[in-house]
Enquirer: 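Before we start, here is the structure in question, set down as structure tokens.
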Amino acid sequence: MAKQFVVQLKNEPGAMASLAEALAERGVDLRAIGGGSMGDSGHVIMTTADDDKAAAVLDEKGYTYIEGEAILAEVDDEPGGMARLARELADAGVNIYGHLFLGRWGDSATFTFVVDDPEKARPILERKGA
């Protein structure tokens with residue numbers, strides 16, 4: 001199963017560039033990426049074409065990150081779709097570390113999630129039309 005990385009960054013010019021350059025130098029292709037920042041810190045959520053190389057780069061460069069299974073989920077593409085899914089995960093005691101939007105198909109939006117308890121989350125996330 002593919003991995004998803006949630007990488008902590010400083011909220012400063014060049015932080016994303018440094019990470020992307022380090023990955024590129026080792027030939028790591030980014031497949032999906034998102035993130036944000038506020039205050040002094042930020043984060044990047046990403047999937048790559050080579051999880052082992054990506055983890056090696058993050059370790060070598062001293063990044064703080066979470067690596068987890070990227071669990072694919074279809075969410076109803078309507079107001080409240082994500083709210084219902086997030087509430088169901090919360091009620092099951094599952095913490096969401098990160099999620100990436102992949103696209104819309106028909107009446108669903110597709111995401112990948114990385115969570116603290118994949119075994120509890122998988123039945124919730126893998127159910128169609130959550």
Enquirer: When rounded to the nearest 0.5 angstrom, what is the spacing between CD in Glu12 and OG in Ser41?
Expert: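 If I round to the nearest 0.5 Å, the distance is 11.5 Å.
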
Enquirer: Could you pull out the closest heavy-atom pair between Thr112 and Ala70, with the gap in Å?
Expert: CB-CB, 4.1 Å

Enquirer: Supply the atom-to-atom distance Leu89 CG to Ile96 CD1, rounded to the nearest 0.5 angstrom.
Expert: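 These two atoms lie 5.0 Å from each other.
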
Enquirer: At what distance, to the nearest 0.5 angstrom, does CD of Gln8 lie from CG of Leu58?
Expert: 12.0 Å

Enquirer: How many angstroms lie between atom OG1 of Thr48 and atom CZ of Phe5, to the nearest 0.5 angstrom?
Expert: 5.0 Å

Enquirer: Measuring from Asp91:CG to Ile124:CD1, what's the distance to the nearest 0.5 Å?
Expert: 8.5 Å

Enquirer: For Ala56 and Arg26, which heavy atoms make the closest approach, and how far apart are they?
Expert: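 For Ala56 versus Arg26, the nearest heavy atoms are CB-NH2, 4.1 Å.
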
Enquirer: Out of curiosity, does Phe101 fall in the hydrophobic cluster containing Val44 (side-chain heavy atoms, cut-off under 4.5 Å, transitive links)?
Expert: no

Enquirer: Going only through I, L, V, M, F, W and Y residues with side-chain contacts under 4.5 Å, is there a path from Tyr97 to Leu72?
Expert: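 Hydrophobic grouping puts Tyr97 apart from Leu72.
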
Enquirer: Can you tell me if Asn95 uses its side chain to pair, donor with acceptor, with the backbone of Asp116 under 3.5 Å?
Expert: no

Enquirer: List the atom of Leu9, the atom of Tyr63, and the distance in Å for their closest heavy-atom pair.
Expert: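 Where Leu9 meets Tyr63 most closely, the heavy atoms are CD2-CE2, 3.5 Å.
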
Enquirer: At their closest point, which heavy atom of Gln4 faces which heavy atom of Gly98, and how far apart are they?
Expert: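 Scanning both residues completely, I find the closest heavy atoms to be NE2-O, 3.4 Å.
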
Enquirer: Any idea which heavy atoms bring Ala32 and Leu102 closest together, and the distance?
Expert: CB-CD2, 4.3 Å

Enquirer: Nearest 0.5 angstrom please: Asp77 CG to Met82 CE, how far?
Expert: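 Nearest 0.5 Å value for the CG-CE distance: 10.5 Å.
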
Enquirer: Group every Ile, Leu, Val, Met, Phe, Trp and Tyr by side-chain heavy-atom contacts under 4.5 Å, then state whether Val94 and Ile66 land in the same group.
Expert: no

Enquirer: So, do Asp29 and Asp50 sit near enough that their side-chain heavy atoms are less than 4.5 Å apart?
Expert: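 Counting from C-beta outward, Asp29 and Asp50 never come under 4.5 Å.
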
Enquirer: Check whether any side-chain heavy atom of Phe111 lies under 4.5 Å from a side-chain heavy atom of Leu85, and answer yes or no.
Expert: no

Enquirer: For Gly39 and Asn11, work out which heavy atoms get closest and say how close.
Expert: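 Closest heavy-atom pair between Gly39 and Asn11: O-ND2, 2.8 Å.
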
Enquirer: Quick one: which of Lys53, Lys61, Met46 gives a side-chain contact (heavy atoms from CB on, under 4.5 Å) with Leu23?
Expert: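 Output: one option passes, namely Met46.
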
Enquirer: Quick check on the hydrophobic clustering: are Val114 and Ile33 connected, directly or via other members, by side-chain heavy-atom contacts under 4.5 Å?
Expert: no

Enquirer: Please tell me if the side chains of Ile45 and His99 come closer than 4.5 Å, counting only heavy atoms from C-beta onward.
Expert: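 Contact flag for Ile45/His99 side chains = no.
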
